[in-house]
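Just below is one structure, and these are the notes that go with it.
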Amino acid sequence: MTHALGRNQRGVALLLVMWACTLLAILLGGYAVLAHTEGLQSSYQFEQARAHYAAEAGVMRAIYALQAPSVNDRWISDGRVYPFEFEHVKVGVAATAESGKVDLNAASPDVLTRLLQNAGVDAPHASQIAQAIVDWRSFPISPQQTAQRKAAYVAAGRDYGPRNGPFASVEELQMVLGITPDLYVKIAPYVTIWSGRASPDPNTAPLLALASVPGMDLQHAAAIIAARPTTSAGANAAAGLVANNGITHSIRSEAELADGTRAILRVTVRLQGYRPGSQAFAVLRWQEGDGE
């Protein structure tokens with residue numbers, strides 16, 4: 001009887017040891033998985049940081065190249081991509097002069113209508129949306145006009161009315177009646193609030209903006225852009241475009257690592273020249289990612 005009881009106790013002890021070993025193995029496995037996951041996260045964050053700083057380097061390079069002391073070294077600000085490598089990271093940078101875009105606060109109704117049509121809006125709706133943009137940015141001439149403008153937004157289910165003053169940002173365009181999310185994505189790269197021009201500068205305007213100039217169409221605009229000289233065509237050929245770069249530019253810098261990790265920066269800057277005791281540029285807008 002005593003002998004059997006001892007065997008039972010030893011069996012229970014062995015079982016407890018086996019359960020303890022199993023539990024320990026599970027715990028160790030969990031810690032190993034956790035350590036591996038944290039390692040992957042750290043590696044991902046490190047690679048993301050590399051890509052981000054490479055994209056920042058692209059922005060800084062563009063700012064210098066847009067106002068380089070030698071005209072021959074300056075970049076043309078018409079949206080063309082300048083590729084280079086930074087710390088073994090591929091970087092592509094494009095600068096677009098704001099003077100070549102459609103100014104939401106200054107463009108004529110005709111230019112606004114043409115831009116919307118170029119983005120695929122039919123003529124009647126394009127004209128209505130263009131008028132809504134003009135109403136948004138314009139000071140009302142009477143209380144009645146203010147009430148009428150707000151009534152249109154209330155009827156559309158909005159809890160606000162137009163600003164009745166200049167656009168404070170490009171993003172504000174999304175609040176205007178008729179501007180759908182898809183339409184905004186299409187036209188956002190071609191509009192600005194920093195130009196002050198009634199019509200885009202044809203020397204540096206991107207396709208949809210150039211085609212919005214009165215007397216222009218998409219086919220003619222595409223031909224003009226294709227005929228623009230490249231930097232490899234020589235300083236004299238590109239000098240005219242460089243001279244029309246302007247002082248305010250949107251820069252898009254994309255960095256990509258060998259493993260596919262990417263970072264995109266979209267920055268709008270106003271160049272202020274190299275003067276002792278002053279900054280060479282001022283940042284007007286800084287955005288990360290490729291969304292508008």
Non-hydrogen atoms of [X] and [Y] that approach each other most closely:
X    : Y    : value
A263 : A55  : O-CB, 4.0 Å
V111 : P214 : CG2-CD, 3.9 Å
V89  : A255 : CG1-CB, 3.9 Å
R137 : D103 : NH1-O, 4.2 Å
A54  : F86  : CA-CD2, 3.7 Å
R197 : P202 : NH2-CD, 4.5 Å

With no hydrogens and no angle check, is any side-chain donor or acceptor of [X] less than 3.5 Å from a backbone partner on [Y]?
X    : Y    : result
Q272 : Q279 : yes
R74  : A68  : yes
Q145 : I141 : yes
Y190 : G100 : no
Q174 : E171 : yes

Step-by-step side chain to side chain contact (heavy atoms under 4.5 Å, CB included) determination, R158 to L177: CA-CA 9 Å; R158 311 291 178 92; L177 284 181; 3.8 Å; yes
Residues D78, R228; criterion side chain to side chain contact (heavy atoms under 4.5 Å, CB included); working and verdict: CA-CA 10 Å; D78 67 348; R228 286 175 181 168; 3.4 Å; yes
Are [X] and [Y] in one and the same hydrophobic cluster, where Ile, Leu, Val, Met, Phe, Trp and Tyr link if side-chain heavy atoms are under 4.5 Å apart?
X    : Y    : answer
I264 : L284 : no
V134 : Y160 : yes
V269 : Y53  : no
L218 : I187 : yes
V154 : I179 : no

Face-on cation placement of R61 at F84 ring, 6.0 Å and 45° thresholds: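 Yes, a cation-pi geometry.
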Evaluation steps, side chain to side chain contact (heavy atoms under 4.5 Å, CB included), between S250 and V267: CA-CA 6 Å; S250 285; V267 182; over 6 Å; no
E87 and R50 ion-paired at < 4.0 Å: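 R50 and E87: not salt-bridged.
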Plane angle bin for F167 and W136 - parallel if under 30°, tilted between 30 and 60°, otherwise perpendicular: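 Judged by the thresholds at 30° and 60°, the geometry between W136 and F167 is parallel.
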Enclosure of E85 CD (heavy-atom neighbours >12, cutoff 6.0 Å):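 Enclosed.
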Side chain to side chain donor-acceptor pair (under 3.5 Å) assessment of T261 paired with D259: CA-CA 6 Å; T261 302; D259 65 358; 2.9 Å; yes
For residues [X] and [Y], determine if any side-chain heavy atom of one lies less than 4.5 Å from a side-chain heavy atom of the other.
X    : Y    : value
K101 : W194 : no
S253 : Y82  : no
R149 : S138 : yes
L173 : L104 : yes
T204 : S99  : yes
L116 : L183 : yes
V93  : V59  : no
T96  : H249 : no

Derivation and outcome, side chain to side chain donor-acceptor pair (under 3.5 Å), residues H125 and D122: CA-CA 6 Å; H125 284 98; D122 61 79; 2.9 Å; yes
Check against side chain to side chain donor-acceptor pair (under 3.5 Å), E98 and T248: CA-CA 6 Å; E98 293 297 290; T248 307; over 6 Å; no
Would you give the length of the straight line joining atom [atom1] of [X] to atom [atom2] of [Y], rounded to the nearest 0.5 angstrom?
X    : Y    : atom1 : atom2 : answer
F281 : T268 : CZ    : OG1   : 13.0 Å
D135 : I129 : CG    : CD1   : 13.0 Å
L66  : S77  : CG    : OG    : 5.5 Å

Side chain to side chain contact (heavy atoms under 4.5 Å, CB included) between L210 and I225, intermediate numbers included: CA-CA 9 Å; L210 181 56; I225 291 174; 3.9 Å; yes
From CA spacing to verdict: salt bridge (charged side-chain N to carboxylate O under 4.0 Å, His left out), R262, E47: CA-CA 9 Å; R262 292 194 312 154; E47 296 302 285; over 6 Å; no
Worked verdict on H52 versus E56 for side chain to side chain donor-acceptor pair (under 3.5 Å): CA-CA 6 Å; H52 177 85; E56 278 196 10; 2.9 Å; yes
